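Input: a single structure, listed below in structure tokens.
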Amino acid sequence: MAVQTVAANDNASTVDLGPAAALSCRECGERFPLGPIFACVSCFGPLEVAYDLPSGSPEELKKRIAEGPDNIWRYAPLLPVPSDVADKPNINPGFTKLVKADNLARELGVTGGLYVKDDSGNPTHSFKDRVVAIAVEAARAFGFTTLSCSSTGNLAGAVGAAAARAGFRSCVFIPHDLEQGKVVMAAVYGGELVGIEGNYDDVNRFCSELIGDPLGEGWGFVNVNLRPYYGEGSKTLAYEICEQLGWRLPDQIVIPIASGSQLTKIDKGLQELIKLGLVEDRPYKIFGAQAEGCSPVSAAFKGGHDVVRPQKPNTIAKSLAIGNPADGPYVLDIARRTGGAVEDVNDEQIVDAIKLLARTEGIFAETAGGVTVGVTKKLIDAGLLDPALTTVVLNTGDGLKTLDAVAPTTGLSATIRPSLDAFRDAGLAAAH
């Protein structure tokens, strides 16, 4: 992993980020004061937020959460945000629907209960609103004036919207050939949107250079120097799923993999709920889902390897097209520890899964959602996912963002003259 060094704000050790106590290296455990850094200076391992979690009875904490707002700030006692976060200008994402997908369950042969966590209901229609909302609070705390990111599309829109709402300047960087819907959605918020010739990994390398240059002074890159805080937003998916299931763990959960951060943080969130006594401590399995055209983690899992070898992405699932996923090794650890797996599906299977979810549950998923549904079907067929257990599948974005994926095979049933005879002749009238 490339390492960037950023001077921390002089007041970083005294900033108010709620229960966040320090940054801790995931590899060697060394701790650092809260600040805009993301890599350990001793071993170059990734940093993540360490907490002083709330004390008291689980029932009291559940009551406190239930009395909170219907967004991620209901979990403020478990997040790196100030206690008054709900009163600040933010896009307030979260508490999206957990859909009991009985029709899809019948199609897939699931008998134990199948749910779709549908994050297309967030303000910019993807789960990225969660992580950006947390990063905005860190950016405020550390005195940044510009929000930035490298993005495969959804994050660019989330940063643009959150920056506009919170009063930051924004300048985000994307691969030059993203889906047009994501380009427009990222640009409409009025910030700078810059296309980089190359894929996401090229964009990320450019941002790594910019963050160490005087040109980047005062910039908070949500997924670089603010990454430890940003990643914590994904924990709220775990919190919501368990609360919406009646404060219980799902038996199985299928999560898409881009950088792998979402999967690792969902696992972290589940472990925190167990530690706090909010859910019963029992086994659960985590499954990772990738597109075949960008499946470095899946390849490593199937090969029994601990090292994730980078790939050059070539898939319609552009939001997952990260060929060198930073959290790939940790995804492998979690899948193996929980008894899960990492699987992939090809572009044709992705499109079929998008249509299957839309046809059965009325949920139009973007390509990443097609990946999770397609992988779920593949795992069931292979006997790796138990259809008799409670299963949650993530849809992380809205299909309107990736229309190009389904447009070639989706359209009008017929074009007719405006007459009943023409309608009857077209054979579309319901049979009696």
Side-chain angles (χ1 to χ4, degrees), residues 1-4 23-32 37-50 131 150 152 199-201 203-205 207-208 223-235 237-238 253-272 284-313 315 317 319-344 368 371-372 375 379 384 394 396:
M1 181 181 71
V3 178
Q4 296 80 30
L23 296 178
S24 176
C25 177
R26 206 184 303 181
E27 291 294 328
C28 71
E30 185 172 351
R31 289 166 72 97
F32 302 87
I37 56 174
F38 75 102
C40 176
V41 299
S42 297
C43 73
F44 304 149
L47 301 181
E48 62 179 9
V49 179
V131 290
S150 53
T152 56
N199 59 31
Y200 173 81
D201 296 300
V203 179
N204 204 36
R205 280 192 292 271
C207 289
S208 297
N223 54 346
V224 188
N225 58 346
L226 296 176
R227 188 175 182 84
Y229 313 95
Y230 158 95
E232 296 296 284
S234 289
K235 295 192 311 181
L237 281 160
I253 183 167
V254 185
I255 305 168
I257 299 170
S259 72
S261 175
Q262 183 185 66
L263 187 149
T264 64
K265 291 304 187 290
I266 287 176
D267 179 65
K268 182 181 180 182
L270 296 177
Q271 290 295 311
E272 287 176 350
Y284 59 87
K285 294 183 179 181
I286 290 184
F287 297 86
Q290 291 204 289
E292 183 181 286
C294 185
S295 54
V297 186
S298 176
F301 182 86
K302 293 176 183 179
H305 306 307
D306 295 326
V307 175
V308 177
R309 299 184 63 180
Q311 294 181 359
K312 185 175 182 179
T315 173
S319 62
L320 304 183
I322 297 180
N324 188 17
D327 282 348
Y330 303 107
V331 169
L332 295 174
D333 291 343
I334 291 168
R336 290 166 179 158
R337 188 195 81 228
T338 64
V342 185
E343 186 54 271
D344 56 80
V371 169
T372 53
V375 163
L379 290 169
L384 295 175
L394 265 61
T396 52

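The first residue in the sequence is number 1, and the count goes up from there. What you see is a predicted model, and the numbers here were worked out from it, not measured in a lab.
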Within the 4.5 Å heavy-atom criterion, are [X] and [Y] side-chain neighbours or not?
X      : Y      : answer
Glu27  : Phe44  : no
Lys285 : Leu384 : no
Ile322 : Asp201 : yes
Tyr330 : Ser261 : no
Cys40  : Leu47  : yes
Phe287 : Leu379 : yes
Arg227 : Pro46  : no

Passing option when Val331 is tested against Asp267, Thr264, Ile286, Ile255 for side chain to side chain contact (heavy atoms under 4.5 Å, CB included): Thr264
If you measure from [atom1] on [X] to [atom2] on [Y], what distance do you get to the nearest 0.5 Å?
X      : Y      : atom1 : atom2 : answer
Lys265 : Glu272 : NZ    : CD    : 10.0 Å
Ser295 : Leu320 : OG    : CG    : 11.0 Å
Ile266 : Ile253 : CD1   : CD1   : 5.0 Å
Tyr230 : Asn223 : OH    : CG    : 5.0 Å

Test Cys25 against Ser42 for side chain to side chain contact (heavy atoms under 4.5 Å, CB included), laying out the working first. CA-CA 9 Å; Cys25 177; Ser42 297; over 6 Å; no
Please determine if Lys302 and Glu343 form a salt bridge, counting it only when a charged side-chain N lies under 4.0 Å from a carboxylate O. yes
Output yes when Asp327 and Arg26 qualify as a salt bridge under the 4.0 Å nitrogen-oxygen rule, no when they do not. yes
Judged by modelled atom types alone, do Tyr200 and Ser150 share a side-chain donor-acceptor pair under 3.5 Å? yes
Assess, by modelled atom type and distance only, whether the side chains of Gln290 and Ser298 contain a donor and an acceptor separated by less than 3.5 Å. no
Judged by atom type as modelled, is there a donor-acceptor pair below 3.5 Å linking the side chain of [X] to the main-chain atoms of [Y]?
X      : Y      : answer
Gln311 : Gly293 : no
Glu232 : Val49  : no
Thr372 : Leu394 : yes

Could you report the tightest heavy-atom contact between [X] and [Y], atom names first, then the distance?
X      : Y      : result
Gln262 : Ser234 : CA-OG, 3.7 Å
Asp306 : Pro329 : O-CB, 4.1 Å
Phe301 : Ala335 : CE1-CB, 4.1 Å
Ala300 : Leu332 : CB-CD1, 3.9 Å
Val308 : Gly328 : CG2-C, 3.8 Å
Pro325 : Pro296 : CD-CG, 3.7 Å

Tell me, yes or no, whether the heavy-atom count around Arg309 atom CZ, taken from other residues, nucleotides or ligands under 6.0 Å, exceeds 12. no
